[in-house]
Peer 1: 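Below is one structure. I have some questions about it.
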Amino acid sequence: LLAKLTEGLPEEKRRYFEEFAELFEEKPPEPRILAVDIEVYTPVETRVPDPEEAPYPVISVALAGSDGLRRVLVLARQVELGNLRSLPEGCTVEVFDSERALLLELFRVVGSYNVILTFNGDSFDLPYLINRALNLGIGRELIPFEVVEDLVTVKHGVHIDLYRFFDIEAIQNYAFGSAYKEKTLDTIARALLGEAKVEIEVGVSVLPLCDLVRYNMRDAELTLKLVLGNGKMVWRLIVLIMRISKMGVEEVTRRRVSAWIKSLLFWEHRRRGYLIPNQSDILAIKGEVKTASKLGKRFAGAIVIDPVPGVYFNTTVLDFASLYPSIMVVWNLSYETVDPPPGLCRKLEDVRDESGRILHRVCMDFEGVTPQMISIFREFRVKVYKKLAKDRTLSEDLRSWYDVVQSAMKVFINASYGVFGHVSFPFYTPSLAESVTAIGRHVITSTVRIAERYGLRVLYGDTDSLFLWNPGPESLNNLIREVSEKFKLEIEVDKNYKHVVFALKKNYVGVKEDSSVDIKGLMGKKRNVPEIVKSVFTQVVEALKSIEPSPSSVDVVKERVKESVRTLYVKLKNRDLSLEDVAYKNELSKELGEYKSEGPHVKAAKMLLAYGRQVRPGDIIYYVKVRGREKVKPIQLARIDEIDIDEYVKVARSTLEQLLAPLGVSWDEIAGALSLDLYVRGRGS
DNA sequence: AACTGTGGCAGGATAC
DNA sequence: GTATCCTGCCACAGTT
């Protein structure tokens, strides 16, 4: 495959391919890995002990090793023993009457593993262990961990904090397709392994010993499985990113994709003997942008076509395969090729936006580093590794390795454009980022014009996609052929919708041939909408699946909605719900003091703080709407009987109207009849 | 002094 | 990275 891939290429480029191939073919190392999780005593359940002070004893430590080790070390305390039958299977439990002995045993075990895994170990488990050991008079030389800048490392090996790894946006979005949204051990394990933490009703400090062991062991096991489960997928991904980026394991698992790409590009520069420019020098020559349009934005982005509201049957979605990276390859866009200083380039090409205006010029004398990297990854990914990942003649283990190889490349390809628009990236080049989006706009608007010339009806489009209403196969093929030839970009049919409902930009519902449903952007999908409203939304979507092109079919949907809303009303009125059902979930994106306006989740967070609970940026605040002056309360401080029913009816209305309006159904039509109906029923009961 | 309406903006979440 | 949606705060003006 490699020979085929590099056929006809110049010697130098062939060598690049060969060198990369080695990185992808070399088997991953299999070090001894140990997952560690600790539980700490705390007098106040809601308060997490400060790891700098480490004032309270470590009451339990669970260890799960790649060699099958399953051990829990517990401290003997005055608590219930609990049910011995609830102890996890295949696990050794040792009870210590000295915390010092417990920690020393832990340190001894840690010493025989190369890779230590934790979830949140950088900010809690390991600093706590270090400081607790010091407090107990254990010498530093006996403690296997040490703090280095913003991480905690293992003296004889490496430490991977999975919280930090899964927190990396590129990992979350590209490698796992946004499968998990909240970054807790429980939510990530549920999403990736289908397993959950052990549920406990009370804090760990008062938990019966056997339950504590079970709870602790599960956490360590989940931590280990997140790395070694699914055919060691995560471990392999880490290894591949290390090889591609030329970074160590502790950096790769803690730094963002821009750091990986930086490292890769620095390496490439050095191997070719190029000078690495200063950021300020790039900015001085290539910093000028011409499309700074909106407040807070540095350059213009993509085009979103205003959808024609309504319900459409038989709609085909076309899209460009990784549009931005492909544009960078075809137009040779790289920080060193865009807007070269006068006299340094013989062959220049114009970068035009959708209006034909020339924004920048690109040098075509030589291939830029970025396009070269992208095209190598793309070639390998499409022509080699996607195929090998599906090759039935290979062992399952090998196929899954190749699948990780292709997804590692995907991460680098997808991130290749964004980093150049990021101020802190060492190769930050505004004119480059602006050129990519301008060409993107040019490509999509030209494609719309060509589609219309073939008599195709464009219903909607966003950045790199076009939704075509009931296209004739011939016109469709003509469009695809003409556009691929004109731009040298791959455009293909992505999917067909049996029917699709449009209302607003970035908001639609489409039902595919197999009755699976795509819901984009609608409120009912967002995490900040309470569960109780989401479930009504889901019911209405179910009804939409079966819709046919007839008025009676719309009536059926109307009835279903009415029924769902009625149930919601009754539930709310009877307060037949849990606080979780009505909770809004919002992320606290910064420190409380940094907020300019006090939104509901900020207000709720402040109440939690006043109550003595820690709140940090990144925390998801759960709050409910209550009657009275405060209007909101954090879920921990609220009671069911304070819930403000009207607020929930309001949010149900706005959420469902997004589905109803395109069907020509008004809310009043449903709620008007409903309130009378409820009134009569209410009297009846 | 308390309330109501309004437009601008902050903030969160999503699409691509 | 930008584009877009929705909610709710906030300042201000006008009314009771």
Side-chain angles (χ1 to χ4, degrees), chain A residues 169-170 172-174 177-178 181-182 256-258 261 289 291-307 317 319-325 327-328 414-425 428-438 440-441 443-444 460-467 494 502-510 518-530 533-534 584-590 592 594-605 617-621 623 625 629 631-632 647 650-651 653-655 657-658 661:
Chain A
E169 270 175 282
Q172 196 175 348
N173 300 330
Y174 303 141
S178 304
K181 299 213 166 84
E182 289 174 49
R256 290 187 298 187
V257 66
S258 58
I261 294 182
V289 287
T291 58
S293 53
K294 287 184 193 132
L295 194 74
K297 304 290 176 190
R298 290 185 297 274
F299 58 91
I303 285 180
V304 185
I305 298 168
D306 218 352
V317 184
D319 81 2
F320 286 95
S322 44
L323 181 67
Y324 286 177
I327 285 174
M328 292 171 77
N414 284 343
S416 59
Y417 141 77
V419 292
F420 287 97
H422 196 295
V423 275
S424 65
F425 187 58
Y428 173 51
T429 314
S431 53
L432 170 59
E434 183 180 48
S435 296
V436 177
T437 56
R441 294 194 300 275
V443 166
I444 198 83
Y460 177 63
D462 185 347
T463 312
D464 61 353
S465 66
L466 286 184
F467 291 60
D494 178 29
F502 291 114
L504 291 162
K505 290 176 175 182
K506 296 191 187 284
N507 280 246
Y508 61 88
V509 179
D518 282 341
I519 302 167
K520 301 289 181 178
L522 301 197
M523 282 175 55
K525 223 189 143 180
K526 302 198 175 186
R527 89 163 159 211
N528 53 3
V529 168
V533 177
K534 270 193 205 173
Y584 287 77
K585 295 169 220 170
N586 275 91
E587 184 174 341
L588 205 61
S589 64
K590 47 191 171 193
L592 281 179
E594 291 171 33
Y595 280 95
K596 287 186 195 170
S597 77
E598 196 174 82
H601 74 299
V602 181
K603 200 184 277 181
D619 285 354
I620 310 279
I621 306 294
Y623 66 89
K625 301 224 174 173
R629 213 165 46 82
K631 291 205 254 187
V632 297
E647 282 295 325
K650 246 167 52 188
V651 65
R653 173 182 185 154
S654 51
T655 304
E657 266 181 340
Q658 289 190 328

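Small disclaimer: the values here were computed from a predicted structure and weren't measured. Note on naming: letters A, B, ... go to the chains in the order of the sequence lines (proteins, then strands), and numbering restarts at 1 for each one.
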Peer 1: Taking NZ from A:Lys650 and C1' from C:dC6, how many angstroms apart are they, rounded to a whole number?
Peer 2: 13 Å
Peer 1: Mark yes or no for whether A:Lys525, through its side chain, and A:Ile519, through its backbone, hold a donor-acceptor pair below 3.5 Å.
Peer 2: yes
Peer 1: Taking CD from A:Gln658 and C1' from C:dC6, how many angstroms apart are they, rounded to a whole number?
Peer 2: 8 Å
Peer 1: Which atom pair, heavy atoms only, marks the closest approach of A:Ile305 to A:Tyr460?
Peer 2: O-CD1, 3.0 Å
Peer 1: Could you give me the CA-CA distance, side-chain angles and deciding distance for A:Ile620 and A:Arg527, then say whether side chain to side chain contact (heavy atoms under 4.5 Å, CB included) is met?
Peer 2: CA-CA 10 Å; A:Ile620 310 279; A:Arg527 89 163 159 211; 3.5 Å; yes
Peer 1: Grab the OH-P distance between A:Tyr623 and C:dT7 for me, whole Å please.
Peer 2: 11 Å
Peer 1: How long is the gap from OG on A:Ser416 to OH on A:Tyr324, to the nearest 0.5 Å?
Peer 2: 12.0 Å
Peer 1: Shorter than 3.5 Å, N or O on both sides, protein versus nucleotides 11-13 of chain C: list them out with atom names.
Peer 2:
none

Peer 1: If every non-hydrogen atom of A:Ala300 is compared with every non-hydrogen atom of A:Thr291, which pair is closest and at what distance?
Peer 2: N-OG1, 3.1 Å
Peer 1: Starting at CG of A:Asn173 and ending at C1' of C:dT2, how long is that distance when rounded to a whole Å?
Peer 2: 15 Å
Peer 1: Quick check: closest heavy atoms across A:Val529 and A:Lys534, and the distance to 0.1 Å?
Peer 2: O-CE, 3.4 Å
Peer 1: What is the minimum heavy-atom distance between A:Val436 and A:Met328, and which atoms define it?
Peer 2: CG2-CG, 3.7 Å
Peer 1: What string of B, S and - do you get for nucleotides 9-16 of chain B, 5' to 3', if B is base contact, S is sugar-phosphate-only contact and - is no contact with any protein heavy atom under 4.0 Å?
Peer 2: -SSBBSBS
Peer 1: Quick one: A:Glu657 CD to C:dC6 P, roughly how many Å, whole number?
Peer 2: 11 Å
Peer 1: Examine distances only and state if a side-chain atom of A:Tyr417 and a backbone atom of A:Leu432 form a donor-acceptor pair shorter than 3.5 Å.
Peer 2: no
Peer 1: Please round to 10 degrees the angle between the axis of the first five pairs and the axis of the last five pairs in the helix from B:dA1-C:dT16 to B:dC16-C:dG1.
Peer 2: 10°
Peer 1: Locate the shortest heavy-atom distance separating A:Gly421 from A:Ala433; write the atom from each residue and the value.
Peer 2: CA-CB, 3.9 Å
Peer 1: Taking atom C1' of C:dC5 as reference, at what distance in whole Å does atom CD1 of A:Ile305 sit?
Peer 2: 18 Å
Peer 1: What contact category does A:Thr437 fall into here, base, sugar-phosphate, or nothing, at under 4.0 angstrom with non-hydrogen atoms?
Peer 2: nothing
Peer 1: Distance check: side-chain N/O of A:Ser654 vs OP1/OP2 of C:dT7, anything under 4.0 Å?
Peer 2: yes
Peer 1: For A:Glu598, look at atom CD and say whether over 12 heavy atoms of other residues, nucleotides or ligands are found less than 6.0 Å away.
Peer 2: yes
Peer 1: Report the distance from atom NZ of A:Lys534 to atom C1' of C:dC6, rounded to the nearest whole Å.
Peer 2: 15 Å
Peer 1: Using a heavy-atom cut-off of 4.0 Å across all strands, would you classify A:Ala433 as base, sugar-phosphate, or nothing?
Peer 2: nothing
Peer 1: Atom CZ of residue position A:Arg653 - does it have more than 12 heavy atoms of other residues, nucleotides or ligands inside 6.0 Å?
Peer 2: yes
Peer 1: Given atom NZ of A:Lys505 and atom C1' of C:dC6, what is their separation to the nearest angstrom?
Peer 2: 16 Å
